[in-house]
Participant: 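The structure is given below, and queries will be raised subsequently.
All values below come from the heavy atoms of this structure, side chains included, with hydrogens, waters and symmetry mates left out.
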2 protein chains.
Amino acid sequence: MKLTSKGRYAVMALVDLARFDNINPVSLRDISLRQGISLDYLEQIFSKLKKNHIVKSIRGNQGGYVLSKNPNDIKLTNIFHAVDEKVKTVQCKKDSKKGCNGRATKCITHNLWDELENHINSFFEKKSLEDLIQNKKENRING
Amino acid sequence: MKLTSKGRYAVMALVDLARFDNINPVSLRDISLRQGISLDYLEQIFSKLKKNHIVKSIRGNQGGYVLSKNPNDIKLTNIFHAVDEKVKTVQCKKDSKKGCNGRATKCITHNLWDELENHINSFFEKKSLEDLIQNKKENRING
DNA sequence: TCTAAACTTGACCATTTTGGTCAGGTATGT
DNA sequence: ACATACCTGACCAAAATGGTCAAGTTTAGA
Ligand code: FES
Ligand code: FES
């Protein structure tokens, strides 16, 4: 079970973006340099974030991206959903009665994996971008 | 983030095994047929389970595998650890002060991923094989 | 108006991981 | 002796990952 870089980068980039308080658009180039993420890869990620209305783009010189919502309204769930980072504990479809590999029934551990999936998703539903900035501020005060 | 088949199969197979109450050894062939898992693949998995003292093997005719501990003492953590199914939310080493991709410091979201990892692992530490058999029995009574 | 900065799109690709298969063994109960 | 079942290790195809590369389009500002 591992978290892919795409999901991790998406959150990192948005936290970086959120720190600038939406006053000026932030260029991907800046995020790329600060966070050490390939610019080309960031472009792929932000294209998806934009399609999912998490960020807005401002084209042209001095352009860049801004958050399109309040950081409190952007949950990790939304971000992960936008970049196709899904939690998958099973291979069989939820709505189907069939099991994995096309077997006739669900397997004996099926409930367990459902529980696990819910357990993980609940973490993503609770955390918002705001929480991550808060932590940042706390860290700055404490450190 | 997905759970690999290896981890899923390991748990499935052990639940199957645990249902037979350790009286007679259970052959991988039987588990393979009942659970729909390739025999050759099961052998790889059980080799690791054996090395980690989760099961014992009995060779020869009428041989097979038995649990080497009480189902209550076998947590999902132990099983996953045995088959190298790890939870990895980051790429950087925990003990190192360096960040991912060999960067000098940890990234701004590092704490978050640590939290996530702990959140997931806590699920695996709580659940034992016994819990899964219990559920099975309950299901049989209720259904 | 021209140009550089920055967004946009989509094809492409090397490496790694996954989820196995295959071909041989070896041990042991009957 | 022979069938059953464990054991070992090599091998492999397909998918996912984590990008790169090329060729644009849009717009601010000189
Ligand atoms: S997880 Fe799909 S059938 Fe059990
Ligand atoms: S996760 Fe490795 S540096 Fe942040």
Participant: Would you say B:Y65 reaches D:dC7's phosphate, i.e. side-chain N/O to OP1/OP2 under 4.0 Å?
Facilitator: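 Affirmative; the distance criterion is met.
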Participant: Within less than 4.0 Å of OP1 or OP2 of D:dC7, is there a side-chain N or O belonging to B:K50?
Facilitator: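 Indeed, a polar side-chain atom of B:K50 lies that close.
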Participant: Do B:R59 and D:dT4 share a donor-acceptor pair, side chain to base, under 3.5 Å?
Facilitator: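 It does not, because no donor-acceptor pair links the side chain of B:R59 to the base of D:dT4 below 3.5 Å.
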Participant: Strictly below 4.0 Å: does B:S57 bring a side-chain N or O up to OP1 or OP2 of D:dC7?
Facilitator: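 For D:dC7, OP1 or OP2 has a side-chain N or O of B:S57 closer than 4.0 Å.
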Participant: Using a distance-only criterion (donor-acceptor N/O pair, under 3.5 Å, no hydrogens), is the base of C:dC7 paired with the side chain of A:E43?
Facilitator: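 A donor-acceptor contact between them is absent.
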Participant: Return the value, rounded to whole Å, for the distance between atom CG of B:D84 and atom P of C:dT17.
Facilitator: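 To the nearest whole Å, that distance equals 12 Å.
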Participant: Nearest whole Å is fine: how far is C:dT16 P from A:K2 NZ?
Facilitator: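 It is 11 Å, rounded to the nearest whole Å.
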Participant: Counting only N and O atoms by type, is there a donor-acceptor contact under 3.5 Å from the side chain of A:T89 to the main-chain atoms of A:E117?
Facilitator: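 Between the backbone of A:E117 and the side chain of A:T89 there is no qualifying donor-acceptor contact (under 3.5 Å).
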Participant: Give the rounded distance in Å between these two atoms: CZ of B:F46 and C1' of D:dG9.
Facilitator: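 Taking atom C1' of D:dG9 as the reference, CZ of B:F46 is at 20 Å.
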Participant: Is the ring pair A:Y65/A:F46 parallel, tilted or perpendicular, if the boundaries are 30 and 60 degrees?
Facilitator: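 Judged by the thresholds at 30° and 60°, the geometry between A:Y65 and A:F46 is tilted.
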Participant: Would you indicate, yes or no, if D:dG18 has its OP1 or OP2 atom less than 4.0 angstrom from a side-chain nitrogen or oxygen of A:S5?
Facilitator: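 Yes.
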Participant: Starting from C1' on C:dC7, measure out to CG on A:N24 and report it in whole angstrom.
Facilitator: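 Value for this atom pair: 17 Å.
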Participant: Which part of the nucleic acid, if any, lies within contact of A:Q62, taking any heavy atom under 4.0 Å across all strands shown: a base, the sugar-phosphate backbone alone, or nothing?
Facilitator: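 Sugar-phosphate, backbone atoms only, no base.
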Participant: Could you give the CG-to-C1' distance, from B:L28 to C:dA27, as a whole number of Å?
Facilitator: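 Nearest whole value for this atom pair: 15 Å.
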Participant: With nearest nucleotides of DNA chain D determined for A:D40 and A:K6 from heavy-atom distances, which residue corresponds to the more 5′ nucleotide?
Facilitator: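 Here A:K6 is the residue nearer the 5' end.
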Participant: Over 60° means perpendicular and under 30° means parallel, so tell me whether A:F123 and B:H119 are parallel, tilted or perpendicular.
Facilitator: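 A:F123 and B:H119: tilted rings.
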Participant: Quick one: do B:V83 and B:Y9 satisfy side chain to side chain contact (heavy atoms under 4.5 Å, CB included)? Show the steps, please.
Facilitator: CA-CA 10 Å; B:V83 299; B:Y9 287 169; over 6 Å; no
Participant: Any side-chain N or O of B:Y9 under 4.0 Å from OP1/OP2 of C:dG20?
Facilitator: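 Looking at the OP1 and OP2 atoms of C:dG20, one of them is under 4.0 Å from a side-chain N or O of B:Y9.
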Participant: Between A:R29 and A:Q44, just flag the one whose closest nucleotide in DNA chain C comes earlier from the 5' side.
Facilitator: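 So the residue in question is A:R29.
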Participant: CG of B:L42 versus C1' of C:dT21: gap in Å, rounded?
Facilitator: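 My rounded result for the distance is 14 Å.
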Participant: Which sits closer to the 5' end of DNA chain C, A:S27 or B:L39, going by the nucleotide each is nearest to?
Facilitator: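 Mapping each residue to its closest nucleotide by heavy atoms, the 5'-most match is A:S27.
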Participant: A:L3 CG to D:dT17 P: how many Å, rounded?
Facilitator: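 Interatomic distance, CG of A:L3 to P of D:dT17: 11 Å.
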Participant: Just to confirm, is there a sub-4.0 Å distance from OP1 or OP2 of C:dT17 to any side-chain nitrogen or oxygen of B:T4?
Facilitator: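 Checking C:dT17 against B:T4, no side-chain N or O comes under 4.0 Å of OP1 or OP2.
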Participant: Under a 3.5 Å distance rule, please check whether A:N118 uses its side chain to pair with a backbone N or O of A:E115 as donor and acceptor.
Facilitator: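 No, because the side chain of A:N118 does not come within donor-acceptor range (under 3.5 Å) of the backbone of A:E115.
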Participant: Using a cut-off of 4.0 Å on non-hydrogen atoms, how would the nucleic acid contact of B:V55 be classed: base, sugar-phosphate, or nothing?
Facilitator: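 Counting heavy atoms under 4.0 Å across all strands, no contact is made by B:V55.
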Participant: Rounded to the nearest angstrom, tell me the gap between atom NZ in A:K56 and atom C1' in C:dA6.
Facilitator: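 Going from NZ in A:K56 over to C1' in C:dA6 covers 18 Å.
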